[in-house]
Amino acid sequence: TDPVHIVGAGMAGSEAAWQAAQAGARVVLHEMRPHRGTEAHRTDGCAELVCSNSFRSDCAATNAVGLLHEEMRRAGSLIMAMGDRCKLPAGGALAVDRDAFSAAVTHALTGHPLIEIDRGEVAGLPPEAWGNVIVATGPLTSPALAEAIAARTGAEALAFFDAIAPIVHFDSIDMSKAWFQSRYDKGETEADRTAYLNCPMDEAQFNRFIDAVLEAPVTEFKEWEKNTPYFEGCLPIEVMAARGRETLRFGPMKPVGLTNPHQPTIKAHAIVQLRRDNALGTLYNIVGFQTKMKYGAQTEVLRLIPGLENAQFARLGGIHRNTFLNSPSLLDGSLRLKAEPRLRFAGQITGVEGYVESAAMGLLAGRFAAAQALGRPLDGPFGPPPPETAHGALLAHVTGGADADTFQPMNVNFGLFPPLDTRAKGRKAARKAARAEAMSARALLACDAWLAGRAAAA
Ligand code: FAD
């Protein structure tokens with residue numbers, strides 16, 4: 001059979017190669033290092049960790065990334081097996097010795113009889129003769145390949161920066177202060193009644209908020225990020241506020257076209273608008289609020305917004321160099337480019353964020369590509385996992401669940417999972433823990449069923 005060609009031996013490409021080869025497919029893994037480097041990689045090893053050495057929480061019962069670890073272990077993940085082997089003491093987190101980890105992944109891939117590693121840059125779209133391809137070139141995809149992808153997808157569908165507005169869990173928003181409404185009630189049908197929600201501020205609250213934004217410490221750009229052109233269209237809120245105290249009131253905080261049903265006779269001085277971020281309606285992003293405020297300060301500042309006093313964040317705002325596709329509009333349910341299905345994508349370039357999430361997308365892409373190479377149907381353990389699993393929730397999010405207009409890279413979190421049928425009882429913290437445990441237990445049952453190729457037990 002023809003081999004699967006995988007471009008990029010990072011977190012996603014290494015896992016994809018392992019999964020495809022373990023399924024019985026031949027693999028050619030193309031890696032440009034050491035011939036060509038990136039701004040962040042330092043070695044020529046596979047699965048090099050470019051920054052922190054942590055895979056984050058390892059607790060499957062209470063944390064969505066811990067759950068993803070466990071599902072990956074059950075699916076025979078190379079990244080998790082080598083992560084566990086090279087583990088360092090780190091409390092509840094899984095931290096690894098980065099050199100030993102990368103060496104172990106490289107050794108396993110090099111020693112696999114079905115995997116060939118080819119060192120060299122793929123400096124344009126992969127040749128058509130390669131057939132079944134996975135592109136896993138990551139957030140720092142080489143310019144020649146990135147330009148070729150942009151030419152194929154349309155430049156606006158491939159981003160070079162993520163400008164992330166904070167994303168809030170809906171169930172942590174105080175709806176006795178906030179309300180659902182689209183500006184000027186545009187398109188207010190029942191289906192999009194919950195498209196936007198609004199948080200009002202009076203003048204004193206607005207002034208306190210602007211003071212806090214101006215005082216908050218920010219994360220500086222890295223030297224190499226400074227060289228990528230910055231864009232007026234998505235300035236951080238602290239940059240806007242520094243241009244003038246009123247600037248935000250004429251931008252993302254403009255108080256027009258909205259009426260607060262809780263106080264219909266009082267005109268708000270400013271309004272923060274949140275937009276539904278996923279089809280489930282469990283996540284809302286704060287519109288136009290991309291920011292480089294440091295995480296601790298950012299949480300404090302955002303909780304000054306009336307209605308968000310107790311907000312829980314699915315992700316905080318940030319701006320980084322990051323190459324990623326507008327996957328909800330471009331990719332099909334098995335991560336193939338709809339416009340050119342021979343090309344499958346995996347890893348951070350699909351719009352997931354993080355080492356583990358990237359490897360998990362590699363795990364899925366490797367299985368899908370292997371099934372295709374071996375002429376098997378894309379179902380059972382070689383098809384998309386159920387949406388109740390962490391893998392399925394991430395896949396569903398990037399391939400359609402997320403809003404394509406505001407799509408930004410996403411870590412795995414329980415807000416991406418289908419809600420539970422029953423609501424947990426008790427105090428708020430206890431309810432949150434019970435919900436995580438129930439979602440996690442449901443996910444592992446569904447994961448086992450997926451891997452065994454049977455329908456999940458009810
Ligand atoms: P990568 O692991 O980057 O792998 C892509 C591979 O493709 C690389 O080996 C690259 O050399 C190769 N490649 C690129 N272009 C070509 C080409 N044209 N031909 C052949 N090979 C090519 N996530 C975290 O969880 N924790 C962190 O601390 C963290 N820090 C980060 C810091 C920075 C500076 C960046 C940019 C990202 C960070 N991330 C972090 C996010 C992300 O999870 C990692 O970048 C992760 O490695 C992504 O996995 P990937 O497989 O998609 O890409």
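The figures that follow rest on heavy atoms only: side chains count, while hydrogens, waters and symmetry mates do not.
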- Item | Short N-O contact, Glu309 and Lys177, less than 4.0 angstrom | yes
- Message: Please determine whether a side-chain nitrogen of the Lys or Arg among Arg245 and Asp211 lies less than 4.0 Å from a carboxylate oxygen of the Asp or Glu.
- Response: yes
- Residues in ring-ring contact (aromatic ring centres under 6.0 Å, His included) with His262, at least two apart? none
- Message: Going by the rule ring-ring contact (aromatic ring centres under 6.0 Å, His included), which residues pair with Phe368 if we only count those two or more places apart in sequence or in a different chain?
- Response: none
Mark yes or no for whether [X], through its side chain, and [Y], through its backbone, hold a donor-acceptor pair below 3.5 Å.
X	Y	result
Asn198	Gln181	yes
Ser327	Thr350	yes
Thr153	Ile149	yes
Asn285	Ile167	no

Can you tell me how far [atom2] of [Y] sits from [atom1] of [X], rounded to the nearest 0.5 angstrom?
X	Y	atom1	atom2	result
Phe161	Ile319	CZ	CD1	7.5 Å
Asp403	Asn326	CG	CG	9.0 Å
Leu308	Ile286	CG	CD1	5.5 Å
Arg33	His35	CZ	NE2	11.5 Å
Glu48	Ser14	CD	OG	11.0 Å
Leu258	Ile271	CG	CD1	4.5 Å

- Query: Under 6.0 Å between the ring centres of Phe206 and Phe209?
  - Reply: no
- Query: Given Arg315 and Ile164, is the side chain to side chain contact (heavy atoms under 4.5 Å, CB included) satisfied, shown in steps?
  - Reply: CA-CA 9 Å; Arg315 84 163 292 173; Ile164 296 171; 3.1 Å; yes
Using a 3.5 Å cut-off and no angle test, enumerate the donor-acceptor pairs between side-chain atoms of residues 392-401 and protein atoms at least two apart in sequence or in another chain.
residue	atom	partner	partner atom	Å
Thr399	OG1	Leu395	O	2.6

- Cation-pi check, Arg367 to Trp450: give yes when NZ or CZ is under 6.0 Å from the six-membered ring centre and within 45° of the ring axis, no otherwise. yes
- Query: Taking it one step at a time, do Ser172 and His169 satisfy side-chain hydrogen bond (donor to acceptor under 3.5 Å, both in side chains)?
  - Reply: CA-CA 6 Å; Ser172 70; His169 287 281; over 6 Å; no
- Task: Quick one: list whatever passes side-chain contact (heavy atoms from CB on, under 4.5 Å) with Ala144, sequence neighbours left out.
- Result: Glu121, Ala123
- Pair Ile210-Glu246, side chain to side chain contact (heavy atoms under 4.5 Å, CB included): steps then yes or no: CA-CA 9 Å; Ile210 295 295; Glu246 291 290 296; over 6 Å; no
For residues 67-74, which side-chain N or O atoms pair as donor and acceptor with protein atoms under 3.5 Å away, sequence neighbours left out?
residue	atom	partner	partner atom	Å
His69	ND1	Ser57	O	3.3
His69	ND1	Asp58	OD1	2.7
His69	NE2	Phe55	O	2.9
Glu70	OE2	Arg74	NE	2.8
Glu70	OE2	Arg74	NH2	3.3
Glu71	OE1	Ala390	N	3.2
Glu71	OE1	His391	N	3.0
Glu71	OE1	His391	ND1	2.8
Glu71	OE2	Ala390	N	2.7
Arg73	NE	Asp84	OD2	2.7
Arg73	NH1	Asp58	OD1	3.4
Arg73	NH2	Asp58	OD1	3.1
Arg73	NH2	Asp58	OD2	3.3
Arg73	NH2	Asp84	OD1	2.8
Arg74	NH1	Asp448	OD1	3.2
Arg74	NH1	Asp448	OD2	3.0

- Task: Output, in order, the C-alpha distance, side-chain angles, deciding distance and verdict of side-chain hydrogen bond (donor to acceptor under 3.5 Å, both in side chains) for Ser334 and Arg344.
- Result: CA-CA 8 Å; Ser334 80; Arg344 192 170 253 117; 3.0 Å; yes
- Task: Please name the residue in the list Thr219, Ile237, Thr299, Leu316 that meets the side chain to side chain contact (heavy atoms under 4.5 Å, CB included) test with Met293.
- Result: Ile237
- Message: We want to know whether Thr62 and Glu437 form a side-chain donor-acceptor pair, criterion being a heavy-atom distance below 3.5 angstrom.
- Response: no
- Residue pair Thr291, Phe289: steps toward the side chain to side chain contact (heavy atoms under 4.5 Å, CB included) verdict: CA-CA 6 Å; Thr291 170; Phe289 263 50; 5.9 Å; no
Side-chain donor-acceptor pairs under 3.5 Å in residues 356-363, sequence neighbours left out?
residue	atom	partner	partner atom	Å
Glu357	OE1	Arg56	NH1	3.3
Glu357	OE2	Arg56	NH2	2.6
Glu357	OE2	Asn411	ND2	3.3
Glu357	OE2	Val412	N	2.9
Ser358	OG	Gln348	N	3.4
Ser358	OG	Gly354	O	2.7

- Derivation of the side-chain hydrogen bond (donor to acceptor under 3.5 Å, both in side chains) call for Tyr196 and Arg275: CA-CA 4 Å; Tyr196 288 93; Arg275 178 181 169 136; 2.9 Å; yes
